[in-house]
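One structure below.
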Amino acid sequence: MTPHALEAPLEGLLKKALLITGTDERWSAQTDEMWCRVGSRLGARREQGWKLHVSATVASAPEVLTRALDVLLRADSAFKFARSLDQVSALNTRGTPRGSSGKFLTVYPRSDSEATRLAQELHRATEGLTGPRILSDQFYAPHSLVHYRYGSFVGRRRLSEDGLLVWFIEDPDGNPVEDKRTGQYLAPTWAVCPFPSPAPSRAPAEPRPATSAPPAGPVLLGGRFEVREAIRQTNKGGVYRGTDVRTGGRVVIKEARPHVEADVEGRDVRDWLRAEAEALEGLRGLELAPAPVAVFEHGEHLFLAQEEVPGVSLSTWVAEHFREAGADQYGADALQVVTRLVELVSQAHARGYVLRDLTPGNVMVRPDGGLRLIDLELAVLGTASCPPTRVGTPGYSAPERLSDAPVSQTADYYSLGATACLVLAGKIPTLLADEPATRTTEERLATWLTTCAGRLRLSDEIVAMLLGLMRDEPAERWNVSRAREALRTTTATAAKPGGGDGVVRPGVNDSPRGPVAGSADDPVAGITDHLISSMTPTDDQRLWPVSTKTGETDPCTVQQGAAGVLAVLTRYFTLTGDPRLPEVISTAGHWIADRSDAASARPGLHFGSRGIAWALHDAGRAVDDRGLTDHAVTLALAPLRPTPSHDITHGTAGSGTAALHMWHHTGDRRFAELAGAAADRLVAAADRGPDGVSWAAPAEAEIASAGKRYLGFAHGSAGIGSFLLAAAAVSGRRAHRELAVRVGEGLLAHAVLTGETAHWPAQATDAPTAPYWCHGAAGIGTYLVQLWQTTGDDRFGDLARRGAHAVAEQASRATLAQCHGLAGNGDFLLDMAAATGDPVYRAMAEELADLILTERVHRQGHTVFPTEYGDVSTSWSDGSAGILAFLLRLRHPSLRHWMVQPPV
């Protein structure tokens, strides 16, 4: 079946079935990009209850739908189905979330008795057809395509304690309960199941991941392999560590579930797993990959046991070794690893194999430094008879590989270059397509490498090798022999006395910071134009487009909502006087005000109502709109819902910081009192333990941070300390200042020093984390420099300087955004420049700006940026607004967003 055929809609089967059953007048249908929704004209459906799901594969979906329609159109319950085979395929991929995989058709029965009747009839109608097991549901009968679960029918959502919109149902008392869709069937304890108990399934019980509680007893697979722990669980199946009870040898066991990623020929992930076993057998004895131990079936699931390779994945080695070894030693070690990687690919090719999915996650680094290939399910012997596949890893798979190109070793060259780039530079830049296309990918990659090559000390030969391996045109790519020669030349040059510093400036004339303000290609203007043009005030749900890859927040908040964008546009207007912006600011402000109710105010700065009030008040002052400022004051004074959180983003410290801002700009004493009361609550809640002062939400709280004692700015003690320090200047209370200083003492104690850098763990007991605002050196350094300015204690200033060096040293490895990326890191460096007067920190910030702009994307004359998940967003935390805030501040020195000027 061709890709065009996969896109063909399935609604035609519905029209045909309506004619056959003569029920056309009883039903209405609506379609969107994903679903065809069919509703009964006889009445509204229930808001929640027992729903049915029917699974299917691309091959079986037309027949499953035809048979199901013959049942459903003679009943009265609403239903929906995936509108095309392409959508069916998307529901069944290996990467589909386990909580939603396989749900081809959903039925919303009008009653429990109707649910049981339809389940039985649908089971009989579709018996014998193929479809994957739906993991979030209970199967109606073993091997049935029909499944059921209790859940919401009408898509009601509410904000969780974490500030994310979640689906919910109501318990018998009317209390909201999250309607969780996970990879495990979990029915509410109070929901009485109307279905007969199904017979036991022959599918194996899933061992739990290593982070979960251990199972009650050992799980034995294939009568031979005892599972020690689950490494991961995905839609295609689990990966487990185990022991061969016959030999005592340690093994890794890979699982493939039936019908996942099934194609029109019926091939699915089980066939990929068999192919991996064949590849491992073909490479046996070469020390390139683990040896296969056994292939076996267990409950229709296919398993492959292979010898366990000790060590860590290459991606883990890159992150951990850089922190542990320091930049200079890491650079030398990385060249050795890349040399071994080239030899690994060369030997596999010499054996006749094309790998097709070479990534840093599919290479293991042994304790002795040797490399081994793992996850060879896409590897093929030769190229003649193997069909192409779009399965791969974006960023590491050659572009043509993801568009059905024939199998070729040249695709492995691209993957080798991308993997080597991650080893040497710390990441692969995300280069989304321009619209219209004006720059080639290899040109943009060259610009990125040029920008970071100096700090990374990459030689001309190494840059040429990376660009050569990753050329857009497959026939022009370097092969492994040329890559090997470039590495030899670099190693020989570096070994000579006075062999040069390795800094390179290949082939790009202009700094990516590019044209000056006001020119046609000014990036600040391009981002602003995008924010103005993408605003949709007629949309009742979302004012600006945002990424929802990590969940969806209140549409008005700072973190991912309209308040964050509004704040940046307000700052832009106050600095530039752009005549377009007063109307935009007023429109956006009133859109937010209409949707922010003081009667349900939530705590926190980035996820709560106080941040919204801050943005509205600044906007109202900027455009002289009394309605906005009055609403902001009301919202900022409104009683808050109780919260277990103490931090800046969700909790008491964030609410208090906003109160300080309002106090400074209104002089209203009530805000000073709110800030003082917030600081008092934090003093009372502080845990003064042997590891320093900390705050943790109760372990039983329904939030992700429950029981955790974070150090960083967003969720931990650094942000709380920043608020306490600023609050002390207003409250005059000694306890506030003393506790703020004690926070700093704890951060001194937990710093991990390497060379000139300082890193911190997310929690005191963790390994050091990346140097970001959320967790890490950029956020902690932000507080330490404030503490140094206030106290004059050089210990805090010295550690802040080390944090700045950590940020600069890891610049090429970072994503772009405020929360976890270069924009937030750059704001910290500008704080350092302002506090110390040392121009080196501004120069560091300019380097970060240059790196950000190498990944900018041109879209219809506007400028957008990729998020860390590869999509586009306008938001403060992970999108264009946060990046604009940093770039604007670099051009027009000003106070950092969402910060209160500390006392000096």
Side-chain angles (χ1 to χ4, degrees), residues 556 558 563-564 566-575 577 582 585-586 588-590 592-593 596-599 601-606 608-640 648 651-683 719-737 739-740 786 789-790 831 834 889 892-904:
C556 296
V558 169
L566 174 63
V568 180
L569 290 178
T570 299
R571 176 73 61 85
Y572 185 90
F573 172 63
T574 61
L575 294 171
I585 291 169
S586 179
H590 285 282
I592 296 169
S596 51
D597 186 0
R602 299 175 61 86
L605 178 56
H606 294 78
S609 302
R610 296 312 202 219
I612 298 171
W614 182 325
L616 289 177
H617 196 266
D618 285 1
R621 290 169 51 234
V623 299
D624 195 22
D625 188 327
R626 183 68 178 271
L628 291 181
T629 55
D630 287 349
H631 182 79
V633 169
T634 300
L635 190 60
L637 291 172
L640 293 172
I648 285 285
T652 303
S655 301
T657 300
L660 288 176
H661 177 81
M662 296 295 289
W663 155 246
H664 288 312
H665 287 281
T666 66
D668 187 332
R669 190 66 196 171
R670 290 176 294 178
F671 290 118
E673 293 169 356
L674 284 175
D680 287 342
R681 288 196 297 275
L682 290 168
V683 170
I720 296 171
S722 177
F723 162 63
L724 288 170
L725 192 64
V730 174
S731 70
R733 296 173 198 167
R734 183 176 178 181
H736 297 167
R737 180 184 170 101
L739 191 57
Q786 293 174 356
Q789 286 181 282
T790 304
D831 290 347
R889 190 172 170 222
H892 302 277
S894 52
L895 182 65
R896 187 171 177 177
H897 277 276
W898 316 116
M899 299 291 289
V900 178
Q901 184 68 51
V904 178

Next item on the list: In sequence, state the C-alpha distance, the side-chain angles, and the governing distance for Thr652 and Phe723, and then conclude on side-chain contact (heavy atoms from CB on, under 4.5 Å).
Entry: CA-CA 10 Å; Thr652 303; Phe723 162 63; 5.6 Å; no
Next item on the list: Would you sort out whether Trp663 and Arg670 count as a side-chain contact (heavy atoms from CB on, under 4.5 Å), showing the intermediate values?
Entry: CA-CA 8 Å; Trp663 155 246; Arg670 290 176 294 178; over 6 Å; no
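Taken from NE2 in His665 to NE2 in His617, the straight-line distance is 8.5 Å, to the nearest 0.5 Å. To the nearest 0.5 Å, atoms CD1 (Ile648) and CD1 (Ile720) are separated by 7.5 Å. In this structure, CE on Met662 lies 8.5 Å from CG on Asp618, to the nearest 0.5 angstrom. Taken to the nearest 0.5 Å, the CG atom of Asp831 stands 4.5 Å off from the CZ atom of Arg896. One finds the CG atom of Leu628 at 12.5 Å from the CZ atom of Arg621 (value rounded to the nearest 0.5 Å). With values rounded to the nearest 0.5 angstrom, Leu605 atom CG is found 10.5 Å from Ile612 atom CD1.
A pairwise comparison of heavy atoms in Leu724 and Ala740 identifies CB-CB, 3.9 Å as the closest pair. Of all non-hydrogen atoms in Leu635 and Ala598, the two that sit nearest each other are CD1-CA, 3.8 Å. Closest non-hydrogen pair, Ala672 versus Val730, comes out as CB-CG1, 3.8 Å. Listed here is the closest heavy atom pair of Ile585 and Leu569: CD1-O, 3.9 Å. Between Ala658 and Trp614, the shortest heavy-atom contact is CA-CE3, 3.7 Å. Among all heavy-atom pairs drawn from Leu566 and Ala615, the shortest one is CD2-O, 4.1 Å.
When side chains are defined from C-beta on, Asp680 counts as touching His736, because their heavy atoms get closer than 4.5 Å. The shortest side-chain heavy-atom distance between His897 and Val558 does not fall under the 4.5 Å cut-off.
Checking side-chain atoms of Ser586 against main-chain N and O of Pro582 turns up no donor-acceptor pair under 3.5 Å. At least one donor-acceptor pair closer than 3.5 Å links the side chain of Arg733 to the backbone N or O of Gly676. Formation of a donor-acceptor pair under 3.5 Å by the Ser894 side chain with backbone atoms of Arg889 is not found in this model.
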